Amino acid sequence: QVQLTESGGGSVQAGGSLRLSCTTEGVFYSSWCMGWFRQAPGKEREGVASIYVGGRTTYYADSVKGRFTIIQDSPNKMLYLQMNNLVPGDTGRYFCAADFCRTTASMPGASDYNYWGQGTQVTVSS
């Protein structure tokens with residue numbers, strides 16, 4: 001059974017940093033993709049970053065490139081999202097997702113994942 005649990009969200013001022021964590025159970029790290037998504041009120045869920053665990057291939061949304069880093073710790077069954085230089089536009093609920101990789105040529109979309117955590121809230125104030 002796959003279980004994902006996010007933590008590490010909070011409220012920070014613009015320019016600050018947060019590190020989100022996702023504990024995982026039942027993920028086949030050698031052949032699965034994992035990703036971080038976020039959703040702001042009234043907006044669609046958008047992909048932030050993803051990693052093909054077996055090949056260490058990573059993708060980032062243009063809006064977070066150079067600021068966010070997705071980190072996978074397979075031995076400890078953890079996935080992280082290091083977020084630096086946060087801006088108010090980063091505000092939203094952040095979700096961890098996982099599933100068998102259907103593509104490694106581009107960042108998987110939300111429809112490519114069947115397993116999701118409950119999310120953790122990130123609020124960035126100006």
Side-chain angles (χ1 to χ4, degrees):
Q1 182 177 359
V2 178
Q3 288 188 322
L4 309 173
T5 306
E6 303 93 336
S7 62
S11 297
V12 296
Q13 290 190 326
S17 297
L18 283 173
R19 186 178 180 99
L20 305 184
S21 300
C22 177
T23 60
T24 72
E25 292 292 340
V27 174
F28 295 91
Y29 277 84
S30 63
S31 58
W32 280 36
C33 285
M34 298 194 71
W36 287 96
F37 289 75
R38 67 187 180 192
Q39 188 166 20
K43 294 188 177 181
E44 293 186 355
R45 191 169 296 188
E46 64 170 342
V48 174
S50 68
I51 184 167
Y52 168 47
V53 179
R56 299 276 180 169
T57 302
T58 58
Y59 292 101
Y60 296 92
D62 288 341
S63 60
V64 307
K65 281 181 182 176
R67 302 188 297 120
F68 290 13
T69 303
I70 187 169
I71 303 164
Q72 165 243 332
D73 180 0
S74 296
N76 293 305
K77 300 181 180 180
M78 296 292 295
L79 184 74
Y80 301 98
L81 184 68
Q82 178 66 44
M83 306 187 295
N84 298 326
N85 193 20
L86 285 161
V87 300
D90 295 321
T91 294
R93 191 162 186 85
Y94 283 70
F95 299 87
C96 172
D99 210 328
F100 177 79
C101 283
R102 291 168 175 77
T103 178
T104 59
S106 60
M107 186 163 74
S111 61
D112 291 314
Y113 293 100
N114 285 306
Y115 302 102
W116 295 83
Q118 82 290 347
T120 185
Q121 180 67 33
V122 171
T123 302
V124 184
S125 58
S126 58

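Source: prediction; values computed, not measured.
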All heavy atoms of A14 vs all of P88, minimum pair found to be CB-CD, 4.1 Å
Ignoring hydrogens, what is the shortest heavy-atom contact between Q82 and S17? Give both atom names and the distance. NE2-CB, 4.2 Å
Is there any salt bridge (charged side-chain N to carboxylate O under 4.0 Å, His left out) pair reaching into [range], and which pairs are they, with sequence neighbours excluded?
| range | result |
| --- | --- |
| residues 83-92 | R38-D90, R67-D90 |
| residues 12-22 | none |
| residues 106-116 | none |
| residues 94-103 | D99-R102 |

So for atom CD, which belongs to Q118, do other residues, nucleotides or ligands contribute more than 12 heavy atoms lying within a distance under 6.0 Å? yes
Starting at [atom1] of [X], measure out to [atom2] of [Y] and round the result to the nearest 0.5 Å.
| X | Y | atom1 | atom2 | value |
| --- | --- | --- | --- | --- |
| W32 | I51 | CH2 | CD1 | 15.0 Å |
| M107 | E46 | CE | CD | 8.5 Å |
| Y60 | S50 | OH | OG | 8.5 Å |
| Y59 | I70 | OH | CD1 | 12.5 Å |
| Y115 | Q1 | OH | CD | 9.5 Å |
| C96 | L79 | SG | CG | 5.0 Å |

Criterion side chain to side chain contact (heavy atoms under 4.5 Å, CB included) on L20 and M83, from CA distance to verdict: CA-CA 8 Å; L20 305 184; M83 306 187 295; 3.7 Å; yes
Looking only at atom types and distance, does a side-chain atom of [X] sit under 3.5 Å from a main-chain N or O of [Y], one as donor and one as acceptor?
| X | Y | value |
| --- | --- | --- |
| E6 | C22 | no |
| T123 | T91 | no |
| T5 | T23 | no |

If hydrophobic residues (ILVMFWY) are linked whenever their side-chain heavy atoms come closer than 4.5 Å, directly or via other members, who joins I71 in its cluster? M78, Y80
Note: with side-chain heavy atoms under 4.5 Å as the link, the other cluster members for W116 come out as F37, F95, Y113
If you group Ile, Leu, Val, Met, Phe, Trp and Tyr by side-chain heavy-atom gaps below 4.5 Å, do [X] and [Y] land in one group?
| X | Y | result |
| --- | --- | --- |
| V124 | V64 | yes |
| F68 | V122 | yes |
| F100 | L4 | yes |

T120/S7 under side chain to side chain contact (heavy atoms under 4.5 Å, CB included): CA gap, chis, key distance, verdict: CA-CA 6 Å; T120 185; S7 62; 5.6 Å; no
